[in-house]
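Below, chain A is the first sequence line, B the second, and so on; all start at residue 1.
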Amino acid sequence: MSIVTSVKEKICIMINCSLEKARIQNELNFEEQPNYMIEVPREKAHGDFAVNVAMLLSKQVKKAPRAIAEIIVKNIEDHEGLLAKTEIAGPGFINFTLNNAWIYGILPQVLREDKAYGGSDYGKQEKIQLEFVSANPTGLLHMGNARGAALGDTLGNLLEAIGYDVTREFYINDAGNQIENFGKSLEARYLQQLGYEVAFPEEGYHGEDVIDTVKTIIAEVGEKYLHIDSALRREFLIQKALEEKITAIRNDLASFGVEYDVWFNEQSLHDSGAISKTMQELQEKGYVYEKEGALWLKAKLMGDEKDEVIVRANGLPTYYAADIAYHKNKFERGFKKVINIWGADHHGHVARMKGAVKALGYDPEQLQIIIMQLVRLLRGGEIVRMSKRSGQYITLSELIDEVGKDAARFFFVMRSPDSHLDFDLDLAKAESSENPVYYVQYAHARINSILKALGTGLPQAQEVDFRLLSEVTEIELIRKIADLPEEVLQAAINLEPHHLTRYAQELASQFHSFYNSCRVLCDDERLRGARLLLVDATRITLRNVLGLLGVSAPERM
RNA sequence: GCGCCCGUAGCUCAGUGGAUAGAGCGCUGGCCUCCGGAGCCAGGUGCGUGGGUUCGAUUCCCACCGGGCGUACCA
């Protein structure tokens, strides 16, 4: 357990005891203890921890909050000598100021846990499946996919850090209408490249990359597929093109630091009969009816706005049907939690997916879907126009070439998924202080530089008197370091990785302040030892945060 | 029309049922004969509008205004 959490628990016990005592002595009359909060106040003047229990009791007890607070404070028994000061303030807060002693236990813990610092065993190795990106294999990865990749991978790191067994998964939509369409586009380009004038399909994939793909294929097989049945020709072209596209996607993601445990083919659900089996199950449960030649799922029963087609009049299952079978497959593999990250353009799919999960007999709460808003690219203050249909878009690999993996990942995670993301290419590229990722990395490089300048090794924690660290910037840096486990836990369970980038910036900032006000390599040997270990603990904390973000922690820049 | 997301400082965005709402960028002025100045310190009339719930609302609820995205036998 983190030290901050254990201190909060101690305060909680003291308050609970005090409340019980007051009740027995008939000083406070209440039926049930309110669900109060122990929080770290924004204002330093309000102490280390603040409690709002008196305000919450006011109604039950029929006393003014401040009067209640006084009774609680009077009855507090501080056996451990934890408290330096207790104050009643504002509308009825009880503010606790602690003796600094507890803070000094933090650094040895960080140094001891090292790479594990920040993590916990909250998840008890429960299996979580995390599906993200799952881009159509008919093109390259665009900015939306890139945001999903950074978010998903960071979230995976966070969940692993708090003790979950995470499976990262990419669902390849290698079946259905769009693949048909892809085939038509490939065929048209193939024939065009070989000198035939054929019309390009209206709804086809216009991107340059399709032409490149076809050129590669021609280089290999030439005109072999010119005089052949169109269906066979398309089948061949699709297979070759998918291989190439999927490899490209996989490589791009790898160079973005994202590795998957499972690449799951939609086609396999068709081939294995999983889709028809799932449709049959839904039918047997009475959730399916026929209308106008198609099969419909009674999604309205499950809370969706309207019913949905699962098998078309032409007999082919819809994407929705395949996705239902896929999710059934996920739960059958034993995942207790299933998380999907989708772009905002898929949000209409959320209710019906949850509905389908419910229809299959699973708890829809087990499926969590993160909807992320769209990305806008800015260059020179102007919006960069993109359109997938026309093939005019910036790909992930181009982005990595332009701004680098570190900046790209940091920027994508910096904003809440709910928020539209304006990605400023110029800022992400800037190798200067205005770029937040450099600011954080600089702190890490600076620390390594100090440790290198030292020449000798670091002292042992048990040889050092941490109480010598009494400057304001030292105490605040230690407090910030101490916050990591709670930050990681909250970011992970709330599925909000963006808290991590903020924390990284705050930690770096706190370090820089400390650095400017305290000389680490000072003449006083004992003080130097304590400061060196503070700096080393900062290094560990920074490195671990950057690691969770998938951003490198350079030793020099 | 209906549904989801968003509206907070000049800009990009955090945040919270509570005590004086924050960060980065930009702008202005200061700071090492010393461990990396890619740094530090200082400078702020801002929660879209109107109701409601509450001891207390920027936060929760309702209506409205503005922006984005959905609303296919596409995915």
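Between A/Lys59 and B/C55 there is a side-chain polar atom (N or O) within less than 4.0 angstrom of OP1 or OP2. The side chain of A/His498 places an N or O atom within less than 4.0 Å of a non-bridging phosphate oxygen (OP1 or OP2) of B/G15.
Electrostatic pairing of A/Arg479 and A/Asp483 counts as a salt bridge here, judged by a charged N lying under 4.0 Å from a carboxylate O. A salt bridge between A/Arg234 and A/Glu180 is absent, with no side-chain N of the basic residue lying under 4.0 Å from a carboxylate O of the acidic one.
Computed from coordinates, the A/Lys44 NZ to B/U20 C1' distance equals 14 Å when rounded to whole Å.
In this model, a side-chain donor or acceptor of A/Asn95 finds a partner on the base of B/A19 within 3.5 Å.
A donor-acceptor pair under 3.5 Å is formed between the side chain of A/Thr278 and the backbone N or O of A/Ala274.
Taking the six-membered ring wherever Trp is involved, the centroid distance between the rings of A/Phe132 and A/Tyr260 falls below 6.0 Å.
Per the stacking criterion (ring centres < 5.5 Å, plane angle < 30°), A/His346 does not stack onto the base of B/G70. A/Phe93 qualifies as a stacking partner of the B/A19 base, centre to centre under 5.5 Å and near-parallel within 30°.
The A/Asn173 side chain lies nearest to B/A75 when the options are B/C40, B/G36, B/A75. The A/His499 side chain lies nearest to B/A14 when the options are B/A75, B/G3, B/A14.
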